[in-house]
Every structure is written in C-alpha cells, then in structure tokens.
Amino acid sequence: MYALVDGNNFYASCERVFNPALRTQPIVVLSNNDGIIIARSNEAKAMGIKMGIPAFEIKHLIKSQKVIAFSSNYALYGDMSQRMMQIFGDFTPDVEIYSIDEAFLDFKGFELTKLRQMGLNLRKKVDKYIGIPVSVGFGPTKTLAKIANRIAKKHMKDGVALIDTAYKIEKALKMTAIEDVWGIGRQHSRFLQKNQVKTAWDFTQLPQDFIRKNMSVTGLRTQMELQGIACIPMEYVPPAKKAIRTARTFAQATDDYEYLAESIAGFAATCGQKLREQKSAANLLTVFVRTNKFDHNKPYYANSFTIQLPATDSSIVLIKAAKEALKIIFRPQHHYKKAGVLLSGLVPAQNRQLNLFETGTDVKHKKVMQTLDLLNKKHGYRLMKFAAEGRFGAWQLQQTYRSKRYTTRWDELIQIKL
DNA sequence: TCTGGGGTCCTAGGACCC
DNA sequence: TCTGGGGTCCTAGGACCC
C-alpha cells in the first residue's frame, strides 16, 4: 500500500503557524510580483475566490481586510516543507518527496489493519511538531492513493482515508469526477466527458485501444493504476533535472535594453547556481523575451534564441552567452513584460565532453564559482553578484505583503513576550 | 496600474544512415 | 505494371504535474 500525504492549503497553513490569530480568517497567498492567487485557506475558498485568478480582481477584499493576503515567502515554505518531510520519515523509510507540500510513502510489508491508525498518528505528529494540517490517503497504487487523499480531505473528519478492497476501489472511483484524477488534465477530461466518461469508474471501463489511441501510453498507465495495478514506481532519489529555467514577469514592462540585459544576466547567474548545485553542466542556453500578452493594444512580440556552449557550469560563460542571445532577439520598439533563461542539454559536470580547442577557462572559473557559491551559502542568498547583474536590482520582485522568514533568518525570528 | 514559475513525458515528422 | 526494409536522432508541439 502507498500513502499520499499532503499539507492542506500548504502555503496558507504555513502563514498561520506563525500567526495563530489568522486561524479562522480567510487568507490567500499571492504569486511572485503579487500577480495571481496561488493558495487559499478554506475560508477564502468558501468565499468563491478561485485558484489562479489575478490579484487585482479581489483587490477590494484585500483592501477592506475581508481577506488577508500574503506575498509568497518561499524561504519559509521551503523550510517548513523540509521539516514536514522529515516527520514522514519516522513512519516509513520509503518516502518520495513529490512536491513542496506532498509525499508518497510506501507501506509495503505493513499490516493492512494498522494503516489507518498509522495515518492518524502521522497527522497528530505533524500537527504537534510543525503545526500544519495534513491529509492522508492510502491505496494500492499511487493514483489510488491520490484519490484516497482527496476523499480524506473532502469527506473524512479525521483526515485519513483508506482504499484497500475491490469494493472500496469501486466506490471511490464512482465518487471521483474524471477531471479530478491525477494524470488527466483539462484537455483530456473535456474529451472524455464528450465520450460519456464522467467518473474515474467510467474511465476504467473504456477499451484499452481507445485510450492508447487518444491518450497515449500515459493514459493507459492511469487506467491500470485506477484498476489497482501499480505501474508508477516510487522514486526515492530525485533524478537530476534535464532543464533549468529562471524567468520573471516584470512589475512594469520595459523597453530599456540595459535593464533587460541586467535581468538576463541575473537569470543566467541563478541558473548557473542551480546547475552547480546538482553538479551538472549545460550544453545549450536559451534566452527568451516577450511583451505583455494581455495588452491587446500593442503588437505582441515573443522570441527566443538558443546558443550552443561547450558543456559548462561557469556563470561567467553563461552570462556572456545570455547577453549575446539577448542582443539577437531584442527589438527596441517593444516593451518587454517577461524574460528568462533556460539551460538544457544537461550532462554530469564530471564527465562532460571537452571541446577540441578547450582553452581551460572552465578550470580557471571553477575556483571562482566554488568560492562564490560558498560565500552565498554561508552569508546569505545572492550576497555576491556579478557586475553584469547591475547594482540596483531593478528587476526585484514586488512583495507588498511578505511575512517574515521566521525559520531561516536570525533577524526575523519570531519574538514571544512573556 | 494590474494576469506566476518550474518542471516532465510522449508523439509525429523530418533528416539521416546502411 | 511499377519504387524495400530497418533503423536512429532530433525537435516542436501538446499534454500533464505542482
């Protein structure tokens, strides 16, 4: 049996841990630049605030304090996540961290009759040590565990649901709408509904060749998983990323080349840091820019350019290439709203292919990069930067409502008055 | 004034090889 | 009348996830 454990309204719940007065208030968490809604407390959901809507649509609610808004505080959420995952490891050694707020737990070899109690204990422990409410769903496959988790969240008062018999599988599948199945997104659920497939149960009754033809092998896998045949294995060690991207939407659109060049340099440096963290080197670097896609009064322009590199993990080389690529796609007549850098063709840094005319720059850069990473790790995120990134941090995020980084900064520790 | 960020996998089609 | 068989690699686009 697998369990899927996830934090309820995770980001919103993190904010509540350090501000208990908010426990009964409707709260929302905003994306970078305070752009859209990315998390809501149950109270906010009940008010009809939808996931992903632009923040300005509920500005009146935020202003009048009917809803408390937070800018996203990833330092806090990331740290809370790590603490939560650590607790999971007390219940089984086989934990797959699936996202910032959820994990699959493998309970093979455990007695079925004890699982429910195990789930309850886990909830209790996470609540006591971390202060985040979680839901636990058990099932014979990952996809069924996901469904159990959903049922736990929606229908079980104690937050735990177990799907362990053929009868319960059928019952659970019949009460799950097709669009709520893990692996079936908007396009496919629309297509399936047109074909009279309304629930997860209906989906399990479809002929295999129909699914294979219209939804490829991934659809087939989902069907088997729903039928109780596990075919999505656990992944205990996160595989190295195959692509690394850093991109931002600017608070204000800009036609300033220098501003854009400094942001791009910053994105390239951030990508480089992520690259070195996973000990990879990149063969390709893509720069992309685009104007505001919502502004229909101005012509839309989006473009990208990819540069081939001798496999490198040096931010110096990356920044240089990024600036070259930007020069090629920059058009002075446009106002740019979003830009980014993408590294791909990643290989292990250890056994990268050397260029025939290798000059040894990477060897020279290696020590500089190591020192840079060490200093930033020890003394503060991005304390040391490249001159190319600019001195002004012009592309800094707008974060009007950010809470303190309670768990990762000495000067922002929570204070208690006695 | 105002709309996020970061990933993965699969397939079809083109270009190429013998 | 009529044009083989068997592959690989790469990329763009579409689907999905959080």
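To find a chain, count down the sequence lines: A is the first, B the second, and so on, and within it residues start at 1.
Nearest nucleotide to the A/Arg245 side chain, out of B/dC9, B/dG7, B/dG4: B/dG7. The side chain of A/Trp182 approaches C/dC17 more closely than any other nucleotide in the set C/dC17, B/dC10, B/dT3. Of all nucleotides listed (B/dG5, C/dC18, B/dT11), C/dC18 comes nearest to the side chain of A/Glu102. The side chain of A/Asn32 sits closest to B/dG5 out of B/dG6, B/dG5, B/dG7. Here the nucleotide nearest the side chain of A/Ala247, chosen from C/dC18, B/dG6, B/dG5, is B/dG6. If you check B/dT3, B/dG7, B/dG5 against the side chain of A/Lys274, the one that comes closest is B/dG7. When the nucleotides C/dA15, B/dT3, B/dC10 are ranked by their closest atom to the side chain of A/Asn292, B/dT3 comes out on top. Comparing atom distances between the A/Lys241 side chain and each of B/dT11, B/dG7, B/dT3 picks out B/dG7 as nearest.
Spacing between atom OH of A/Tyr77 and atom P of B/dG6 amounts to 16 Å, rounded to whole angstrom units. Following rounding to the nearest Å, A/Tyr74 (OH) and B/dG4 (P) show an atom-to-atom distance of 12 Å. If you measure from atom OH of A/Tyr98 to atom P of C/dC16, you get 13 Å, rounded to the nearest angstrom. Atom P of nucleotide C/dA15 and atom CD1 of A/Ile211 are separated by 17 Å, given to the nearest angstrom. Atoms CG (A/Leu4) and P (C/dC17) sit 13 Å apart, rounded to a whole Å. Rounded to whole Å, atom P of B/dC2 lies 16 Å from atom CD1 of A/Ile36. The distance from atom CG of A/Leu30 to atom P of B/dC2 is 16 Å, rounded to the nearest whole Å. The separation between A/Asn297 atom CG and B/dT3 atom P is 14 Å, rounded to whole Å.
Using a 4.0 Å heavy-atom criterion, one finds that A/Ser72 contacts no nucleic acid atom at all. Contact annotation for A/Gln252: no contact, since no heavy-atom pair falls under 4.0 Å across all strands. A/Lys242 comes within contact range of the sugar-phosphate backbone alone, with a heavy-atom separation under 4.0 Å but no base atom that close. Within the nucleic acid shown, A/Asp34 has no heavy atom closer than 4.0 Å to any nucleic acid atom. Using a 4.0 Å heavy-atom criterion, one finds that A/Ile100 contacts no nucleic acid atom at all. Using a 4.0 Å heavy-atom distance criterion, A/Val29 is classed as making no nucleic acid contact. If you check every strand for non-hydrogen atoms under 4.0 Å, A/Ile53 touches nothing.
Ion pair A/Asp164/A/Lys168 flagged as a salt bridge, since at least one NZ, NE, NH1 or NH2 atom sits closer than 4.0 Å to an Asp/Glu carboxylate oxygen. A salt bridge does not link A/Glu57 with A/Lys50: none of the charged nitrogens is closer than 4.0 Å to a carboxylate oxygen.
For B/dC9, neither phosphate oxygen OP1 nor OP2 lies less than 4.0 angstrom from any side-chain nitrogen or oxygen of A/Arg221. The phosphate of C/dA15 (OP1 or OP2) has no side-chain N or O of A/Thr218 nearer than 4.0 angstrom. The phosphate of C/dC17 (OP1 or OP2) has no side-chain N or O of A/Arg186 nearer than 4.0 angstrom. Phosphate contact (OP1/OP2 of B/dG6, side-chain N/O of A/Arg248, threshold under 4.0 Å): present. In this structure, A/Lys338 does not reach the B/dT3 phosphate: none of its side-chain N or O atoms is under 4.0 Å from OP1 or OP2. Contact check, A/Lys146 against C/dC18: a side-chain N or O comes under 4.0 Å of OP1 or OP2.
Heavy-atom distances to DNA chain B give each of A/Ser216 and A/Ser31 a nearest nucleotide, and the one nearer the 5′ end belongs to A/Ser31. The residue among A/Arg212 and A/Arg290 whose nearest nucleotide of DNA chain B lies closer to the 5′ end is A/Arg290.
Cation-pi geometry between A/Lys404 and A/Tyr406 is not satisfied (NZ or CZ under 6.0 Å from the ring centre, within 45° of the ring normal). Geometrically, A/Lys337 does not engage A/Phe250 in a cation-pi contact, judged by NZ or CZ lying under 6.0 Å from the ring centre and within 45° of the ring axis.
Distance check on atom P: C/dC18 versus B/dT3 gives 25 Å, rounded to whole Å.
Of the residues listed (A/Leu115, A/Val5, A/Leu4, A/Ile163), the one engaging A/Phe138 in a side chain to side chain contact (heavy atoms under 4.5 Å, CB included) is A/Leu115, and it is the only one.
Ring planes of A/Tyr11 and A/Tyr77: parallel class, angle under 30° (limits at 30 and 60°). The aromatic rings of A/Tyr301 and A/Tyr336 sit perpendicular, their planes meeting at an angle over 60°, well past the 30° parallel limit.
Centre separation under 5.5 Å together with a plane angle under 30° holds for the ring of A/Phe294 and the six-membered base ring of B/dT3, marking them as stacked.
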